[in-house]
Amino acid sequence: QTCALPICEILGFMLPIMQIEPEAQLQFLTAWIAFNSAQLHLCRDICDSIEIANADVLGLMGQAQLEMGDLANALESLSISCRLAPKNPFHHFQLLKTQFSLRQFQDCRATISTLESIRPRDLEVALYRGLVCLECDGDRSDASESIAYLRVHIERLTGEARSEEHTSE
């Protein structure tokens, strides 16, 4: 798969350097560039080749696996990354998306609880809480609460955007 984006030029000269100097930080950066230039298989392969995989490496690999539709491996990678970095919301969000894609709604609830403790009143967490409630057991009251919370914040954000437009005119 070829890529015409400028970021791919960087990837093009980093891959040979990485073969000469297999430092984990350089490998992670190369994998991150591969991910951001839609080279998902390359990203996964680079992450997989890093000898000592930390939470960030496993999180990036899990995100690439999720994007490629490799949900079982994404679940494994992201579960480990969450254990290694329990306060990092990025890993938990990716795990939640994977669990939701796999329709593992009870596991979603546990991940949502973790995310709510890390990032209270987060809009994306509220959205997933509402979706899980509707999908899992049709709990419309909890879903309605999440939707109402989202509506208030969206109205506030759009109101702020409108007032910024008027002040800039």
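We're numbering straight along the sequence, starting at 1.
- Residue pairs meeting the ring-ring contact (aromatic ring centres under 6.0 Å, His included) criterion with at least one member in residues 71-101, sequence neighbours excluded: Phe100-Phe105, Phe100-Tyr128.
- Put simply, Leu96 and Leu131 are part of the same group of oily side chains (I, L, V, M, F, W, Y) that touch within less than 4.5 Å, one to the next.
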Candidate pair Gln39 and Ile33, rule side chain to side chain contact (heavy atoms under 4.5 Å, CB included), full reasoning: CA-CA 8 Å; Gln39 306 282 327; Ile33 291 170; over 6 Å; no
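- Within the 3.5 Å criterion, the main-chain N or O of Ile46 finds a donor-acceptor partner in the side chain of Ser49.
- Nearest heavy-atom pair, Gly59 versus Leu78, reported as atom, atom and distance to 0.1 Å: O-CD2, 3.7 Å.
- The salt bridge (charged side-chain N to carboxylate O under 4.0 Å, His left out) check on Glu76 picks up nothing, with sequence neighbours excluded.
- Tracing side-chain contacts under 4.5 Å through hydrophobic residues (I, L, V, M, F, W, Y), one reaches Val132 starting from Val125; they form part of the same cluster.
- Side-chain contact between Arg44 and Phe35 is absent, with no heavy-atom pair separated by less than 4.5 Å.
- Going from atom CG of Leu75 over to atom CG of Asp107 covers 7.5 Å, rounded to the nearest 0.5 Å.
- Contact annotation: the side chain of Cys43 never approaches that of Met61 to less than 4.5 Å [non-hydrogen atoms, C-beta and beyond].
- The salt bridge (Lys or Arg N to Asp or Glu O under 4.0 Å) contacts involving residues 84-104 comprise Lys97-Glu124, Arg103-Glu135, where partners must be two or more places apart or lie in separate chains.
- In terms of hydrophobic clustering, with Ile, Leu, Val, Met, Phe, Trp and Tyr side chains grouped at heavy-atom distances under 4.5 Å, Ile80 and Met68 are assigned to different clusters.
- With Thr111 as the fixed residue, the side-chain hydrogen bond (donor to acceptor under 3.5 Å, both in side chains) test singles out one of Gln94, Gln99, Gln104: Gln99.
- The shortest heavy-atom contact between Pro86 and Ile118 is O-CD1, 3.4 Å.
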Would you sort out whether Leu58 and Cys47 count as a side chain to side chain contact (heavy atoms under 4.5 Å, CB included), showing the intermediate values? CA-CA 7 Å; Leu58 289 166; Cys47 287; over 6 Å; no
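- Looking only at side-chain heavy atoms (C-beta outward), Leu115 and Asp122 stay at 4.5 Å or farther from each other.
- You'll find the side chain of Leu84 stays beyond 4.5 Å of the side chain of Asn54, heavy atoms only.
- Within the 4.5 Å cutoff, side-chain heavy atoms of Thr98 are placed close to those of Leu102.
- Closest non-hydrogen pair, Ala85 versus Ala55, comes out as CB-CB, 3.6 Å.
- Note that CG of Asn73 and CG of Asp48 are 9.0 Å apart. Values are rounded to the nearest 0.5 Å.
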From CA spacing to verdict: side chain to side chain contact (heavy atoms under 4.5 Å, CB included), Asn88, Asp56: CA-CA 10 Å; Asn88 186 322; Asp56 292 331; 4.1 Å; yes
